Amino acid sequence: ATINHPALSASLLKFYWFRLADIAVPLAVSLSLGSMILSLSRKRSVKWALFLAVVVPGCLLLATAGGRTQSALIIDDRETRSKLGWQDVCQWAREHTPSDALFMVPRGAGTFRWYAQRPVFFTWKDVPQDAASQVIWWRRHQEVYFGAVDEFGNVGLYGSLQELGSDRLRALAAKHKIDYVLTSEYPPLRLPVAYENPWYKIYDLRQSPKPE
């Protein structure tokens with residue numbers, strides 16, 4: 001609604017970070033409706049209806065949580081194997097790289113800091129909370145991912161780190177002192193491999209280029 005009014009958009013977006021509406025609105029509606037129903041009628045049937053309205057969603061929530069816990073044990077599932085591969089490569093980074101090693105990770109890799117406990121150059125979800133840092137964050141996003149040219153000559157964003165190519169990744173690493181880059185396993189890059197599993201690879205950008 002404010003796409004043509006950037007100043008107004010920026011002034012409104014400052015309220016987004018607190019996400020108050022996500023919890024305050026549903027909480028207010030549920031408490032208000034419950035209070036209204038109780039005040040309108042003291043019949044036992046109404047009380048039972050309210051009781052079921054609490055118990056049934058609670059049971060469904062517990063069943064969903066239990067199902068997710070059990071699904072994590074199904075190793076033959078492709079999605080589960082991918083998640084385990086992600087945790088594996090993050091664990092390797094945590095145990096075999098210096099604590100201050102700077103990583104370049106996929107744009108959507110929001111959990112790398114949590115699992116690997118290593119700093120990253122850029123991820124889409126790690127948005128800073130102050131204005132100056134947000135400008136730096138946005139410039140890094142543009143520097144890494146902007147510049148892809150399609151068949152019609154239109155300039156847009158690269159879809160993955162592999163699309164940047166080995167030379168561009170090396171240039172970014174030299175400029176910003178990035179030590180490692182983490183990508184999906186395929187397609188491979190012309191860079192020294194520090195660690196890999198069937199799903200992901202970690203390339204060591206501190207080493208000399210991989211020969212052709």
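Everything numeric here is computed off the predicted structure, so don't read it as measured data.
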Would you say the side-chain atoms of H96 pair up with the backbone N or O of W92, donor to acceptor, closer than 3.5 Å? yes
Tightest non-hydrogen contact, residues A109 and W86, listed as CB-CH2, 3.5 Å
Smallest heavy-atom separation, L172 atom then M104 atom, equals CD1-CE, 4.1 Å
In terms of relative ring orientation, are Y145 and H141 parallel, tilted or perpendicular, with 30° and 60° separating the classes?
tilted
In short, D179 meets A101 closest at the heavy-atom pair OD2-CA, 3.3 Å
- request: Give a yes or no on whether the backbone of A194 and the side-chain of E196 come within a donor-acceptor separation of less than 3.5 Å.
  value: no
task = Ignoring hydrogens and angles, tell me if any N or O in the side chain of S9 forms a donor-acceptor pair with the backbone of H5 under 3.5 Å.
result = no
To the nearest 0.5 Å, atom OH of Y195 lies from atom OG1 of T97 at 13.0 Å
Main-chain N/O of T183 paired with Q162 side-chain donor or acceptor, under 3.5 Å: no
Practice item. Go through the steps to decide whether Y203 and L169 satisfy the test side chain to side chain contact (heavy atoms under 4.5 Å, CB included), and finish with yes or no. Key: CA-CA 10 Å; Y203 297 96; L169 286 172; over 6 Å; no
**Asked** Would W114 and Y180 show up in the same hydrophobic cluster when neighbours are defined by side-chain heavy atoms closer than 4.5 Å?
**Response** yes
Q) So, do K175 and E143 sit near enough that their side-chain heavy atoms are less than 4.5 Å apart? A) yes
Task: Same cluster (ILVMFWY, side-chain, under 4.5 Å), F121 and F146 - done: yes
### Working for side chain to side chain contact (heavy atoms under 4.5 Å, CB included), residues D88 and W199
CA-CA 10 Å; D88 169 71; W199 300 94; over 6 Å; no
Between L182 and the options V89, L161, V120, the side-chain contact (heavy atoms from CB on, under 4.5 Å) test singles out V89
| Less than 4.5 Å apart, any side-chain heavy atom of I136 and any of F122? | no
Closer than 3.5 angstrom, by distance alone: can the side chain of S32 be matched with the main-chain N or O of V29 as a donor-acceptor pair? no
Report whether W124 and L157 are members of the same hydrophobic cluster (ILVMFWY, side-chain heavy atoms less than 4.5 Å apart, transitive linking). yes
**Request:** Evaluate the side-chain proximity of P119 to D100: yes if any heavy-atom separation is below 4.5 Å, no if none is.
**Result:** no
Using only atom types and a distance under 3.5 Å, with no angle test, would you say the side chain of R94 pairs donor to acceptor with the backbone of R118? no
Heavy-atom nearest pair, V144 first then L164, reads O-CD2, 3.3 Å
Heavy-atom closest pair (L205 atom, R170 atom, distance to 0.1 Å) is O-NH1, 3.5 Å
message: Quick check on R139: does its CZ atom have over 12 non-hydrogen neighbours (other residues, nucleotides or ligands) under 6.0 Å away?
response: no
Margin query: Strictly distance-based, threshold 3.5 Å: is any side-chain N or O of Q134 a donor or acceptor partner for the main-chain N or O of P128?
Written below: yes
Passes side chain to side chain contact (heavy atoms under 4.5 Å, CB included), R190 versus D167? Steps please.
-> CA-CA 9 Å; R190 187 171 47 85; D167 293 338; 3.1 Å; yes
> If you group Ile, Leu, Val, Met, Phe, Trp and Tyr by side-chain heavy-atom gaps below 4.5 Å, do L84 and Y186 land in one group?
Replying inline: no
Here the gap from L52 atom CG to C59 atom SG, rounded to the nearest 0.5 Å, amounts to 10.0 Å
**Item:** Audit row: Q91, Y115, side chain to side chain contact (heavy atoms under 4.5 Å, CB included) steps and yes/no
**Value:** CA-CA 7 Å; Q91 181 179 353; Y115 288 121; over 6 Å; no
(request) Find out if a path of hydrophobic residues (ILVMFWY) with successive side-chain heavy-atom gaps under 4.5 Å connects I23 to L31. (result) no
